[in-house]
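This chain uses plain numbering: 1 for the first residue, then up along the sequence. As a basis for the values below, the full set of heavy atoms in this structure was taken, side chains included, without hydrogen atoms, waters or symmetry mates.
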Amino acid sequence: MFITLIADYGIGDPAFAEVTQRLLMALPASQVHCLSVPAFSTLATGFWVAQLGLNPGPEERLVYHNCAPRKDDPEARQNNEGEGLTYALLPNGVKVVGVFAGYTFSFIKDHAKEIHTVKVSRGGSQFRSRDVFPNAATDIAKGGTSLLGERLKPDQIVSAPNDRIAWIDGYGNIKTTIPADTLDLKPETKVVIRVGDVVSDAIYTDGTFDVPEGTLAFAPGSSGWDAADGGQPIRWMELFLRGGSAWNRFGRPRVNQSVTRLG
């Protein structure tokens, strides 16, 4: 089995090694790939759950994620309790197990064949993704159903916003949650984009390299997946500075900041 471990522990944090060890205790022949998202960013978590889970990959796959801001209750928490564990089955057979918080299930809610709560303690440890959740996640990965609880409907899960930064890649490209099919623009149309407090001109294009060196492009990016209804594939708009960094151009914004097209 190929396991994708998505969490906000921090790049290179030993927490990834600790959780990996627990997962491999139950699934020793598996491969684990770790992906670090910004602290408390349920938006980035949910985006990568969908991007990795809904796209082609090995037949036997588990996406195990943990991003738990513990914002479901602002009061003092007893026994380190936080948001509960949830399971989703995707149309391609990929199993997703992770904390139901914020937008973690928002991008897959309309694609999942089923979504259930998982009957496992919501507390018991500050480090639940190591000490509490792996046994449940690996049991479900192996086909167990005894821990599956209430079935959740898509309308019980908040929708993802369509005007935010979802990710900044290593080249400084800004991946957004703006669906490409919501724009009705001709290629080479000049647009004005605001990210946070910074405004910049850009060129709309249907191919990111269709701009000269040094030009900021606003174009459908490399991220997306098939539509839940079988229609036009979902593509997400991206800000791309050819020969430079869109992230630097916009003052190094953070994931989850607003992206607005002006005019």
Exercise for the section: Answer yes or no: is there a donor N or O on one side and an acceptor on the other, between the side chain of R235 and the main chain of G221, under 3.5 Å? Expected result: yes
Handout entry: Gap separating the NZ atom of K109 from the CD atom of Q156, nearest 0.5 angstrom
Key = 10.0 Å
Handout entry: In one Ile/Leu/Val/Met/Phe/Trp/Tyr side-chain cluster, 4.5 Å: V191, V198
Key = yes
Practice task
Give a yes or no answer on whether the side chain of T260 reaches the backbone of L262 with a donor-acceptor pair at less than 3.5 Å.
Solution key: no
Problem - Considering all heavy atoms, the nearest V255-P38 contact - result: CG2-CG, 4.0 Å
Exercise for the section: Run the numbers on T86 and V97 for side-chain contact (heavy atoms from CB on, under 4.5 Å), then give the verdict. Expected result: CA-CA 6 Å; T86 301; V97 180; over 6 Å; no
Practice task
For atom CD of Q31, decide whether the heavy atoms of other residues, nucleotides or ligands shown that lie under 6.0 angstrom number more than 12.
Solution key: no
Exercise for the section: Return yes if a side-chain donor-acceptor contact under 3.5 Å exists between Y64 and T138, otherwise no. Expected result: no
Practice task
Please report the closest heavy-atom contact between L147 and D139, naming both atoms and the distance.
Solution key: CD1-OD2, 4.1 Å
Handout entry: Residue pair C34 / T20, side-chain heavy-atom distance below 4.5 Å
Key = yes
Practice task
May I ask whether I6 and W225 are part of the same hydrophobic cluster, defined by side-chain heavy atoms of I, L, V, M, F, W, Y residues being less than 4.5 angstrom apart, directly or through others?
Solution key: yes
Exercise for the section: State, with a plain yes or no, whether a side-chain heavy atom of R261 is found less than 4.5 Å away from one of L185. Expected result: yes
Practice task
Take atom CD of E213 as the centre, draw a 6.0 Å sphere, and report whether it contains more than 12 heavy atoms from other residues, nucleotides or ligands.
Solution key: yes
Exercise for the section: Could you tell me whether R22 and D131 have a side-chain N and a carboxylate O separated by less than 4.0 Å? Expected result: yes
Practice task
Answer yes or no: is there a side-chain heavy-atom contact under 4.5 Å between P179 and N162?
Solution key: yes
Problem - Derivation of the side chain to side chain donor-acceptor pair (under 3.5 Å) call for K119 and S146 - result: CA-CA 8 Å; K119 294 181 289 185; S146 62; over 6 Å; no
Handout entry: Steps toward side-chain contact (heavy atoms from CB on, under 4.5 Å) verdict (I157, Y103)
Key = CA-CA 8 Å; I157 300 170; Y103 303 115; over 6 Å; no
Exercise for the section: Apply side chain to side chain donor-acceptor pair (under 3.5 Å) to R252 and list each qualifying residue two or more places apart in sequence or on a separate chain. Expected result: N248
Practice task
Could you note down all residue pairs passing salt bridge (charged side-chain N to carboxylate O under 4.0 Å, His left out) where residues 169-194 supplies at least one of them, sequence neighbours left out?
Solution key: K175-E238
Problem - Pair S200-R249, side-chain donor/acceptor within less than 3.5 Å - result: yes
Exercise for the section: Give a yes or no answer on whether the side chain of N55 reaches the backbone of G224 with a donor-acceptor pair at less than 3.5 Å. Expected result: yes
Practice task
Please report the closest heavy-atom contact between L85 and A136, naming both atoms and the distance.
Solution key: CD2-CB, 4.0 Å
Exercise for the section: Compare all side-chain heavy atoms of F2 with those of T4 and state whether any distance is below 4.5 angstrom. Expected result: yes
Practice task
Specify the closest pair of heavy atoms between G102 and V158, including all atoms of both residues, with the distance to one decimal.
Solution key: O-CG1, 3.3 Å
Problem - Whether F100 and F105 hold their rings parallel, tilted or perpendicular, with breakpoints at 30° and 60° - result: perpendicular
Exercise for the section: Establish whether V211 and L241 are linked, either directly or via other cluster members, by ILVMFWY side-chain heavy-atom contacts under 4.5 Å. Expected result: no
Completion exercise
One should read off an interatomic distance between S245 OG and F250 CZ, to the nearest 0.5 angstrom, of 10.5 Å
Problem - Side chain proximity check, I193 to L239, heavy atoms < 4.5 angstrom - result: yes
Practice task
Decide yes or no on side-chain contact (heavy atoms from CB on, under 4.5 Å) for H65 and T104, but give the supporting numbers first.
Solution key: CA-CA 8 Å; H65 62 87; T104 55; 3.7 Å; yes
Exercise for the section: Start with the C-alpha distance between T215 and R242, add both sets of side-chain angles, then the distance that settles side-chain contact (heavy atoms from CB on, under 4.5 Å), and finish with yes or no. Expected result: CA-CA 6 Å; T215 301; R242 187 171 179 193; 5.7 Å; no
Practice task
Report yes if some heavy atom in the side chain of W167 is under 4.5 Å from a heavy atom in the side chain of T176; otherwise report no.
Solution key: no
Problem - hydrophobic_cluster_shared for F133 and I140, side chain cutoff 4.5 Å - result: yes
Handout entry: Gap separating the CG atom of L35 from the CG atom of L52, nearest 0.5 angstrom
Key = 6.5 Å
Practice task
Any chance you could measure N173, atom CG, to W247, atom CH2, to the nearest 0.5 Å?
Solution key: 12.5 Å
Practice task
Any pair with a residue in residues 175-206 that passes ring-ring contact (aromatic ring centres under 6.0 Å, His included), sequence neighbours left out, goes on the list, sorted by first then second residue, please.
Solution key: none
Practice task
Describe, in one word, how the ring planes of W236 and F107 are oriented to each other, choosing from parallel (under 30°), tilted (30 to 60°) and perpendicular (over 60°).
Solution key: perpendicular
Handout entry: side chain to side chain donor-acceptor pair (under 3.5 Å) between T117 and Y87, worked out
Key = CA-CA 6 Å; T117 61; Y87 158 75; over 6 Å; no
Handout entry: Atom pair OG (S36) and CG (D8), whose distance is rounded to the nearest 0.5 Å
Key = 7.5 Å
Practice task
For C67 and F40, work out which heavy atoms get closest and say how close.
Solution key: SG-C, 3.5 Å
Exercise for the section: Taking the side chain as every heavy atom from C-beta outward, state whether K113 and L90 have any pair of such atoms under 4.5 Å apart. Expected result: no
Fill in the blank from the handout: Correct closest heavy-atom pair for T177 and P161 would be OG1-O, 2.7 Å
Problem - Joint hydrophobic cluster, L148 plus I108, side-chain heavy atoms closer than 4.5 Å - result: no
Exercise for the section: State, with a plain yes or no, whether a side-chain heavy atom of L183 is found less than 4.5 Å away from one of M237. Expected result: yes
Exercise for the section: Enter the distance from E114:CD to R151:CZ here, rounded to the nearest 0.5 Å. Expected result: 5.0 Å
